[in-house]
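Every heavy atom of this structure was used, including side-chain atoms; hydrogens, water molecules and symmetry mates were not. In what follows, every chain begins at residue 1, and chains take the letters A, B, ... in the order their sequences are listed.
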Amino acid sequence: MDTACTPRGEIVTLENVSYSYEGNRLINDISISICLGEDIVFFGAENSGIDFICQLIVNAAGEFEGDVFFDGRPIKDFDEIEVHNFRKGFGYLQRNFGLINNMDVFENIALPLRYHSRLTSREVDERVESMVEYLKLEHCARRRPVHLSSSELLRTSYGRSIALDPDLLLIEHPLEEQCLLNVQVFMSALQNRAFAPHKSVIIITYRPELYTEISERFVMLHEGRIVFDGSTDEFARAENPYVKQFLQASIDGPMQML
Amino acid sequence: MYVSVNVPGFIKKIVQRILSTWNGVQSFYFYVVSIIKSFKSIRYLRFRSLYSIVVNQTRFTGIDALPLLMIIALMLGGTVIIQAHTNFPKFGIESFIGNLLVIIIARELGPLATAMIVVSRSGSAIAAEIATQTQNREILSLELMGIDTKLYIILPRIIASIIAIFSLIIIFDIVAFFGGYLLSISTVYIPIGVFIQTLLDAFSFNDLFLTILKSLIYGILIPLIACYYGLKPRSNFEIPIYVSQAVVRTLLVIFVINAFISALFYF
């Protein structure tokens, strides 16, 4: 796939990145660039390495080989303060949502704004109110996470991850444990985000077929290596044997599944 | 009688214990250093984000602890005053009752009992809360948002603890003196004017200074140690172990520091 970026350039670049944990090679010499405004889906089977992509990008995985560049700067060189500042530059929707349990929906969404932004408290409240309305969370805005349904947790976490309007949004397995009927608001909001110019979305998932309307690039990992990197059309055609096996959930193919 | 003493094994255990303690001290030292270093990023911190944590923690540590603290203060104050009034005349030193109250209650019992109440209520709660947040990946989530967790979690709790402990010590002393006085008049009669004058004569600026100093030290140490142990668990089953350690170690440190301060200022 042609990955030449727009003049705004690459927002994230992984250069010969390898990552091991407790002696297991989880990411094996990956090189990939993600342009500003590009939306990309990483998929693969369990233990394929996809779950470490976001952690590597945000410098939360620990030591690794190779280099990760964010806006052209190697993240390995960041000191502790720079790490905090660079993490403001993206939103991160974790797989388990990572909501703060002693804060309600409103305060969870307001948290990054109260901590990082120069908005007044009133402006923060106004922005959060509009976010709550946009994500249809008015009925549960004063509820804490333990009293929320899965789709409300997802929308709250999504609201918090885009509160600072970051250029890069990282999303891990958003729909894996969701009823697809209840996530239409989220999907619509995600689509708006993905179509916005100069906003990138990286989605990690086991169900890439759900994002063909949103993403223009699909990357598949197996045993820590990239085995497919193509457009939505190439993904849909499933000519790549790995993609074909994955989409058909077949035991026959190049991947040995347990 | 045959006594078997495995000297090498015994020595080995002692050495292991010393090394383990030393490693613990080192680990705590690095933790404190990392917090001090994180103050470099304080200029990026918006204090409004800490406001609700400070308010909630002050309410829990201070206001919610008041009923328990006042009952304990009343009982301790009453006990000390009754003992003093019934026994001092036997030795002809009843004129020193005020001094004794100030020495026992204001200088030692007040700060120490307050610290014990705060450790058992708030220290354990802070350690359990942080440990649960760590296990729920809430702390990781804060870090991924670019929030300096050392400042965001520990600093507001230290501020709240200092405010709460100072207020609680003052309230403890007042309740212990006057509540104790009210309890004691059922057994011994002392005119209120004489009682107050005796207390005022015994009080010095040093006592007030030490109350502030102890509030500061306990206010910093209790949440600091609680958070240290709260951040330790690597699985859910370790949470009660570290919460218990947080309470026991904080109490130990508080007693040692209290003795040290008394020795430093009054010896």
Contacting moiety of A:N85, where chain B heavy atoms sit under 4.5 Å: side chain
Flag, side chain of A:Y115 to backbone of B:D148, donor-acceptor distance under 3.5 Å: yes
Residues of residues 107-133 of chain B near chain A, each having a heavy atom less than 4.5 Å away: B:E129, B:Q133
A:L164, part contacting chain B, at a heavy-atom distance under 4.5 Å: neither
Over 12 non-hydrogen atoms of neighbours within 6.0 angstrom of CE in A:M103: yes
Check: B:F28 ring centroid to B:Y228 ring centroid under 6.0 Å: yes
Structural part of B:F47 lying under 4.5 Å from a heavy atom of chain A: neither
Choice from A:L170, A:V58, A:N102, A:I100 maximising heavy atom contacts with chain B below 4.5 Å: A:I100
Partner chain A: residue of B:R48, B:M145, B:R137, B:K40 with the largest heavy-atom pair count (under 4.5 Å): B:R48
Under 4.5 Å from any heavy atom of chain B - which part of A:N96: side chain
Leading residue by heavy atom contact count with chain B [cutoff under 4.5 Å; candidates A:K88, A:E107, A:R118]: A:R118
Partner chain B: residue of A:A60, A:P166, A:S117 with the largest heavy-atom pair count (under 4.5 Å): A:S117
Reported CD1-to-NZ distance for the pair A:I81 and B:K37, which is rounded to 0.5 angstrom: 11.0 Å
Between CD1 on residue B:I220 and CD1 on residue B:I158, distance to nearest 0.5 Å: 6.0 Å
Donor-acceptor pair between A:S151 and A:Q178 side chains, under 3.5 angstrom: no
Proximity breakdown for A:V83 and chain B, heavy-atom pairs closer than 4.5 Å: neither
Exam field: side chain B:Q57 to backbone B:I53, donor-acceptor pair closer than 3.5 Å: no
A:K199 bridged to A:D165 by N-O distance under 4.0 Å: yes
Side-chain heavy atoms of A:Y92 within contact of A:C54, under 4.5 Å: yes
Greater than 12 external heavy atoms within 6.0 Å of A:E63's CD: no
Structural part of B:I139 lying under 4.5 Å from a heavy atom of chain A: neither
A:K76 side chain to A:F64 backbone, donor-acceptor under 3.5 Å: yes
